[in-house]
Amino acid sequence: MDDDITDLEAAIIREKCEDAAPPQPVQPLSKVVDDIKEETRKALAVFGFTRFKTGQEKSIERILNGLSTLVVLSTGGGKSLCYQLPAYLYARHLGAVTLVISPLVSLMDDQISELPPGVRGACLHSGMTPAQRDAVLADLREGKVHFLLISPEAIVDRSGSSQGSFPGPDRLPPIAFACIDEAHCMSEWSHNFRPSYLRLCKVLRQRYGVRCFLGLTATATRSTCRDVVKHLGIEDPETATVRGATVPDNLVLSVSRDANRDEALIELLKGDRFKSCESIIIYCSRREQTTRVATLIRTSLQYTPELVGSYQPPPAKKPRIKKAATFDPRVWTCESYHAGLTAAKRRSVQKAFMSGRLRVVVATVAFGMGLDKANVRAVLHYSMAKSFESYVQEVGRAGRDGQASHCHVFLDPEETNRHGSSHGNEIKTWACCGRNDIATARPPPFSGELMCPSE
Ligand SMILES: Nc1ncnc2c1ncn2[C@@H]1O[C@H](COP(=O)(O)OP(=O)(O)OP(=O)(O)O)[C@@H](O)[C@H]1O
């Protein structure tokens, strides 16, 4: 049908749709339900939890009161519950659906598959067949979906000037609230700014009548936060922003500058902090570096006497990853991972790492987006992260189960120059001194632990 109308006609139809009065906003649930605290507590048990993590309760309470909120919690801080629990309650009590706008289309299916029984999520993305899309839209209309994950481009098309492919409000249940995942993408200050995010809230407000927005991010600096709250329509940024520690307390951070990084890395891995770490990610900036460092680790650490305690003959060949049994700290299985590998190879490395058969992955930033492995015990930066926000995101992949985990940055003067003179100092200072929120505090003077394994 669309093929039969001209671009001009399509533009007029869009304009009309955009001008049509939006539906009435959904009432805050706290005004409808008598004991909202008790309902929230019961819902927490549905998700299998006994208590809230830092920041979750306040965020959820605000959304149930219809108040737009920006949540800044570290990677693994439990941001998903902040939208899933209120979405579940709004759907059960008011038959309203929650829209979750996420730029990470490849991870949408995973987010749905891990839901507890009774909580119903769905997603719409470009990788689905028309029949799959129709089935989701039918479920949505029949009120069978508590929340729907969609890309920003489905709401606002790529030109940013008109609506995307998502049905109009007349073909949807009422929308409880809209959750904008990776909300820093709304800010031009952010390293992963996405233009389609700019019009997102406006379209959701004007076309779909959404009044309550929940922004989620792990990596917002002060300037990014300022931008994001503006887009979310928040007038009282201080009270409407919920923050946890930017880097979880269970991460032990350190940094060093070494004349020979290869030697320093091996010494560090053999040392007390890292020699028993079960799952380790080492970030490099270049693909060929990942291959070289992975080989270095395999050759330098296989069955070295000081690790084994007594001599053991080395295996004839590189140990076959598939056959590795339970964790043995003497065995350093190690593979590289980068975007230049075939999709099949990348999948097999990721699978082996997730299952614990592979201990170390030496990777570019291509590895780790959306990685939900609870027991990553160490993240090392052989090369510095490309920005401070990336650093926070990457170390956040360690210790998601709350257990003590270790992170180390190797400073490289060349990279410091490439990234700008303050970047290295910022990471050095902050990684050493620890617990200051990058969005609210300037790095304190350098005074922290300095690990220099090769000095
Ligand atoms: N209240 C809670 N009690 C215990 N565990 C929780 C709680 N909330 C969330 N979790 C667990 O914490 C882990 C991280 O949660 P989640 O995936 O929501 O983090 P996130 O902040 O979205 O991380 P990322 O930024 O990587 O997406 C999950 O394994 C989740 O099951």
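Keep in mind that the numbers below use all heavy atoms, side chains included, and drop hydrogens, waters and symmetry copies. Indexing begins at 1, ligand by ligand and atom by atom, following the structure's order.
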Would you mind running through ligand 1 and noting each atom that sits below 4.0 Å from a heavy atom of Ser80? 16 (P), 17 (O), 18 (O), 22 (O)

Ligand-side contact atoms (ligand 1) for residue partner Gly77, heavy atom cut-off under 4.0 Å: 19 (O), 21 (O)

What atoms of ligand 1 come within less than 4.0 Å of a heavy atom belonging to Arg400? 14 (C), 17 (O), 19 (O), 23 (O), 24 (P), 26 (O)

Please could you name the atoms of ligand 1 that Gln56 approaches to less than 4.0 Å, counting only its heavy atoms? 1 (N), 2 (C), 7 (C), 8 (N), 9 (C)

Parallel, tilted or perpendicular: which one describes the rings of Tyr208 and Phe166, with boundaries at 30° and 60°? tilted

Are the charged groups of Glu57 and Arg51 less than 4.0 angstrom apart, N to O? no

Residue-ligand contact Ser74/ligand 1, heavy atom below 4.0 Å: yes

Is there a heavy atom in Arg51 that sits closer than 4.0 Å to ligand 1? yes

Of the listed options (Tyr83, Phe52, Phe49), which comes nearest to atom 10 (N) of ligand 1 when hydrogens are ignored and any heavy atom counts? Phe49

Compute whether any side-chain donor of one residue and acceptor of the other, for Ser279 and Arg377, lie under 3.5 angstrom apart. no

Side-chain donor-acceptor contacts of residues 358-366 below 3.5 Å, not counting sequence neighbours, with atom names and distances?
| unit_1 | atom_1 | unit_2 | atom_2 | d |
| --- | --- | --- | --- | --- |
| Arg359 | NE | Cys277 | O | 2.9 |
| Arg359 | NH1 | Pro329 | O | 2.8 |
| Arg359 | NH1 | Val331 | O | 3.1 |
| Arg359 | NH2 | Lys275 | O | 2.9 |
| Arg359 | NH2 | Cys277 | O | 3.0 |
| Thr364 | OG1 | Ala366 | N | 3.3 |

N/O donor-acceptor pairs under 3.5 Å from side chains in residues 78-93, not counting sequence neighbours:
| unit_1 | atom_1 | unit_2 | atom_2 | d |
| --- | --- | --- | --- | --- |
| Lys79 | NZ | Leu73 | O | 3.1 |
| Lys79 | NZ | Ser74 | O | 3.1 |
| Tyr88 | OH | Arg92 | NH1 | 3.4 |
| Tyr90 | OH | Leu29 | N | 3.2 |
| Tyr90 | OH | Ile63 | O | 2.9 |
| His93 | NE2 | Glu39 | OE1 | 3.0 |

